[in-house]
Protein chains: 2
Amino acid sequence: MTGSQETWLPQPDLDAIDVGTVLQALADPVRLQIVRALDAVGESTCSALDVPVKVSTVSHHVHILRRAGLVSTRLDGTSRPSRLRREELERRFPGLLDAILHAPPPAPPREP
Amino acid sequence: MTGSQETWLPQPDLDAIDVGTVLQALADPVRLQIVRALDAVGESTCSALDVPVKVSTVSHHVHILRRAGLVSTRLDGTSRPSRLRREELERRFPGLLDAILHAPPPAPPREP
DNA sequence: CGGAAGTTACGACATTAATCGTAATAGTAG
DNA sequence: CTACTATTACGATTAATGTCGTAACTTCCG
């Protein structure tokens, strides 16, 4: 049919992931920024992400996100674009990802 | 009427709290355990919580949770019982606390 | 086949954070 | 007023973790 036959980097079964692992993965500001960026663009490689750290560090963070079950990475030639595991996460932790991604930004401190 | 006149430890305005701060506070296993315990019993002091660390460490973790806007602490004589800021958290981050507290435990790895 | 580009694994360094023991503080009962 | 209890602030130690530079690896294209 489609003949897509895509290959993916090995990723954990979400049922075996504890919610604490997910929270720990999302605790880092850079990783949260990566998750938000992936939510916005849908799919991206490490080098294409606009984050204030070096590419090798981005790769490290994406690796942690993948181990925590948050993203899946596709093999496409020399490129390895990653995306959020939306549907699976919604089934495993209903409402969690949405609650985090749609959280309103903090109000600035009141100035006199 | 009731004349309760309760006093509380200073706590931040939830509107000024970033979701990243909340996630970072919940990232530690001990703190997540504390939050679950408070969810179960409603209110508790540091020394009454059943966690595998010393009381001074529990106090440290509760302090972090309070700074992150997750718990509020009441002054009651020599006792300082803390509780979750449920309603406020629900208004600030709808669905977040429930998603975390009601997350199903991980499935054990398949054994042959 | 060989050069070029993108990605990640590896090792090292710096920073952060968790934990504990002890001391200081505040309230309560006798 | 004094002894006792509960809590937290403080300082020190140890364990994690984020960051980077470099090298190795894979794929694509001429």
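Numbered from 1 within each chain, the chains take letters A, B, ... in sequence-line order.
For B/D39, the salt bridge (charged side-chain N to carboxylate O under 4.0 Å, His left out) criterion is met by B/R86, not counting sequence neighbours. Every residue meeting the side-chain hydrogen bond (donor to acceptor under 3.5 Å, both in side chains) condition with A/H61, not counting sequence neighbours, appears here in chain and number order: A/R31. Remark: A/S82 pairs with A/T73 by the side-chain hydrogen bond (donor to acceptor under 3.5 Å, both in side chains) rule, at least two apart or across chains. Applying the side-chain contact (heavy atoms from CB on, under 4.5 Å) criterion to A/A37, with sequence neighbours excluded, gives A/L49. Evaluation of the salt bridge (charged side-chain N to carboxylate O under 4.0 Å, His left out) rule for A/D15 yields no partner, not counting sequence neighbours. For B/R67, the side-chain contact (heavy atoms from CB on, under 4.5 Å) criterion is met by B/H63, B/I64, not counting sequence neighbours. Contacts of B/V53 classified as side-chain contact (heavy atoms from CB on, under 4.5 Å), with partners at least two apart in sequence or in another chain: B/V30, B/V51, B/T57, B/V58.
Put simply, NZ on A/K54 is 17 Å from P on C/dT8, counting in whole angstrom units. Separating the CZ atom of B/R74 from the C1' atom of C/dA26 is a distance of 17 Å, rounded to the nearest angstrom. Across the protein-nucleic acid pair, A/L75 atom CG and C/dG6 atom P stand 17 Å apart, rounded to whole Å.
Contacts between residues 26-45 of chain A and DNA chain C, defined by a heavy-atom separation under 4.0 Å, are made by A/T45. Contacts between residues 59-68 of chain A and DNA chain D, counted as heavy-atom distances below 4.0 Å, involve A/H60, A/H61, A/I64.
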Report the C-alpha separation of B/L26 and B/L70 in whole Å, then their side-chain angles, then the decisive distance to 0.1 Å, and conclude whether the side-chain contact (heavy atoms from CB on, under 4.5 Å) test is met. CA-CA 9 Å; B/L26 294 172; B/L70 282 162; 3.7 Å; yes
Please assess B/L65 against B/L38 for the test side-chain contact (heavy atoms from CB on, under 4.5 Å), listing each intermediate value before the final yes or no. CA-CA 12 Å; B/L65 289 173; B/L38 290 179; 5.5 Å; no
Verify side-chain contact (heavy atoms from CB on, under 4.5 Å) between B/R36 and B/L101, making sure each step is shown before the conclusion. CA-CA 7 Å; B/R36 284 182 172 132; B/L101 290 175; 4.1 Å; yes
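Within the structure, the side-chain hydrogen bond (donor to acceptor under 3.5 Å, both in side chains) test picks out the following pairs touching residues 88-106 of chain B (sequence neighbours left out): B/R85-B/E88.
At a threshold of 4.0 angstrom between heavy atoms, the contacts of A/S79 are confined to the sugar-phosphate backbone, with no base atom among them.
The shortest non-hydrogen separation linking B/L96 to A/I100 is CD1-CG1, 3.8 Å.
Rounded to 10 degrees, the angle between the two end axes of the helix from C/dC1-D/dG30 to C/dG30-D/dC1 is 30°, with five pairs used at each end.
Between C/dC20, D/dT19, D/dT7, one nucleotide has an atom nearer to the side chain of B/T57 than all others, and that is C/dC20.
Checking the phosphate oxygens (OP1, OP2) of C/dT16, no side-chain nitrogen or oxygen of B/Q24 falls inside 4.0 Å.
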Does the protein touch nucleotides 22-30 of chain D at the base, only the backbone, or not at all? Give it as B, S and - per nucleotide, heavy atoms under 4.0 Å. -----BS--
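Atom-to-atom distance recorded for A/S59:OG and A/R66:CZ is 7.5 Å, nearest 0.5 angstrom.
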